[in-house]
Amino acid sequence: MNGDIRVRFAPSPTGYLHVGSLRTALYNYLYARKVGGKFILRIEDTDRTRFVEGSVENLLKTLKNIGLEYDEGPEKEGEYGPYFQSERTELYKKYADELINKGVAYHCFCTKEKLDKMRKEQIANKEDPKYDGSCRKLTESEVQEKIKKGESYVIRLKIPLEGEITFYDLLREKVTFPWNMVDDQVLMKSDGYPTYHLANVVDDHLMKITHVIRGEEWLSSVPKHLYLYRVFNWKPPKMLHLPLLLNPDKSKLSKRQGDVAVEDFLNKGYLPETLINFVALLGWHPKGDRELFTLTELVKEFSLKRINKAGAVFDIEKLNWMNAHYIRHLKLDYIINRSRTYFEQAGLDISDDKKYKKIITFARERVSHLDDIIRQSMMFFGDLEFSEEDKRLFSQKTSQKIFLYWIRELNNKNEWSDEEINNLVKKSSEELEIKGKDFYFPLRLALFGSSHGPDISIIIGILGKDTAVSRLKNCINPE
RNA sequence: GUCCCGUUCGUCUAGUGGACUAGGACUCAGGAUUUUCAUUCCUGCAACAGGGGUUCAAUUCCCCUACGGGAUACCA
């Protein structure tokens, strides 16, 4: 029905996928899926000075890992490619020339040094820092002469000098900017690459983008963009500027105050399900109180109208809670598979499937991100280490009695069910007349390495009879 | 500085001109369950930025102030 709706996610490859960008991508994705439109990925790699080797691959991988599939983009060519701006420079040049010919753009030969100096003086004089437009006045022959001499130049847009522009943002109704606040934007840099503003407008038009959904940091650039649409005589897309994601101190979410790279979260064992769910709720909320959603459910619920206007603090505590929830409630096999890599990294042997499964069943209740699952499982591998205090507890008569009793009983059989172990717990406690803490603490400590923890039956179920017995023997006093 | 955007518990948010004693979630505190730990469950703490209007009535509409954020690059 809305097959003509086309949205895009247009990151620049400067390192990693930021969680803020993830949210932008997600909202674009959700909207496209909701209305049956197309979701396009375009790489905005026009700044070669900030380009980071490998970051495109990284970005594609992260998008894939998180489960956001695009309809057109790198490695998935559609009708409107290429989807790398660096491969479209001829196009931008063509359109920039067109603007020059129309008289709405001009060559500017001002050096960076000159511009920096101008800006500093303007600030010192309490003027608005702005290009003074000196190259606007150059005649055609002056321009040609400078070009012939090999002077480097940029192409600037001739922004109207007075009046104002009003446009409609899907979130905030009317927004008005006075033109004298808008600078003569550089369209083509001296290295022959376009700036964001030109490339973005040209590509959005050529790629038939109908809705631009992006971060609020672009709101004040809208006048430039709309002016470009006007002088090209193109129909502008609808615009929607998302509120920013914030640090706890309310500044723009940044690396300095914690993780912001999606891949880092993924590596730490935050599940894609969590990240999607959590980030979706930062600045958007469906009707009602529900907050746990799968991607598919989000698509069903999503509506641009319910996006908030105010910035949202990225609260790691709530992320942790949600991730812990998913770790506990998603399919066990899924968590088992996702956890494997952490055990491998730690060099722990998980070749015994049954044992490994039991460990995950136990440990998933106690972690909020998967890389922590190792700390919760260590005690089932290798030898336990005990403090002096632990050893004092072991050497108590009652402790020794418990250990001897259990070694003897356990050795009667090779396979023990949970129920049998629980019965043995009861029986031994009664027969030895040792109860509560005095009974459980030494036993659990000897088997598990901590006096607090799961049921004895769970511990022995994971360790197996042989390991359990050998751990108990280890705590028997020599005399 | 200037322009633009925003403002409900500490945080994410729901909400409507009167049903609001402002709802949910996270955190925190207390309790129940559990031998202990974790889980689970219950209870509690906690907000409409301030000031003016409009109205019979404003958290909800308008204006101002304050505060926060964004932009002000040959970065995106």
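From a predicted model like this one, the values you see are computed outputs, not experimental measurements. Naming: A, B, ... by sequence-line order, numbering from 1 per chain.
- Per the geometry, CH2 belonging to W284(A) stands 13 Å off C1' belonging to rC12(B), to the nearest Å.
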Pick out the pairs of N or O atoms, protein on one side and nucleotides 40-46 of chain B on the other, that lie under 3.5 Å.
from, atom 1, to, atom 2, distance (Å)
rU40(B), OP1, R328(A), NH2, 3.3

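- Residues G436(A) and K130(A) each lie close to RNA chain B; by heavy-atom proximity, the contact nearer the 5' end of the strand is made by G436(A).
- Below the 3.5 angstrom threshold, one finds no donor paired with an acceptor across the side chain of R156(A) and the base of rC74(B).
- When the P atom is used for both rA14(B) and rC67(B), the distance is 27 Å, rounded to whole Å.
- One can find a donor-acceptor pair under 3.5 Å joining the base of rU35(B) and the side-chain atoms of R444(A).
- Every residue two or more places apart in sequence or in another chain that forms a side-chain contact (heavy atoms from CB on, under 4.5 Å) with K93(A) is listed here: D97(A), M188(A).
- Remark: C1' of rU72(B) and CZ of R119(A) are 9 Å apart, rounded to the nearest angstrom.
- Results of the ring pair (Phe, Tyr, Trp, His ring centres under 6.0 Å) test with H225(A) over H241(A), H197(A), H205(A) single out H197(A) as the only residue that passes.
- Rounded to whole Å, the distance from NE2 on H197(A) to C1' on rU72(B) is 11 Å.
- A ring-centre distance under 6.0 Å is found for F394(A) and F386(A).
- Rounded to whole Å, atom P of rU27(B) lies 9 Å from atom CG of N320(A).
- Across the C1' atoms, rU39(B) and rC20(B) are found 35 Å apart, a figure rounded to whole Å.
- When both pairing distances are held under 3.5 Å, rA66(B) makes a Watson-Crick or G-U pair with rU7(B).
- Partners of R366(A) according to the side-chain contact (heavy atoms from CB on, under 4.5 Å) rule, which considers only residues two or more places apart in sequence or in another chain, are F362(A), Q376(A), P454(A).
- You cannot call W321(A) stacked on the base of rC26(B); the centres under 5.5 Å and planes under 30° rule is not satisfied.
- With rounding to whole Å, Y131(A) atom OH is found 26 Å from rU2(B) atom P.
- When both distances must be under 3.5 Å, the Watson-Crick or G-U wobble mate of rA29(B) is rU43(B).
- Residue R50(A) has its side chain nearest to rC75(B) when only rC75(B), rG1(B), rA38(B) are considered.
- Taking the ring centroids of Y92(A) and Y193(A), they lie at or beyond the 6.0 Å cut-off.
- As rounded to the nearest Å, rG30(B) and rC45(B) have P atoms that lie 15 Å from one another.
- Residue side chain S190(A) reaches the base of rC74(B) through a donor-acceptor N/O pair under 3.5 Å, judged by distance alone.
- In this model, the phosphate group of rG15(B) is approached by a side-chain N or O of R306(A) to a distance below 4.0 Å at OP1 or OP2.
- Atom NZ in K309(A) sits about 19 Å away from atom P in rG70(B), given to the nearest Å.
- Taking the six-membered ring wherever Trp is involved, the centroid distance between the rings of Y153(A) and F109(A) falls below 6.0 Å.
- In this structure, K224(A) atom NZ and rA76(B) atom C1' are separated by 12 Å, rounded to whole Å.
- Note: F278(A) and Y270(A) fail the aromatic proximity criterion, with ring centroids not under 6.0 Å apart.
- On the C1' atoms, rA58(B) is 10 Å away from rG18(B), given to the nearest whole Å.
- Remark: of the listed residues R136(A), K158(A), K130(A), K224(A), R136(A) is the sole one forming a salt bridge (Lys or Arg N to Asp or Glu O under 4.0 Å) with D184(A).
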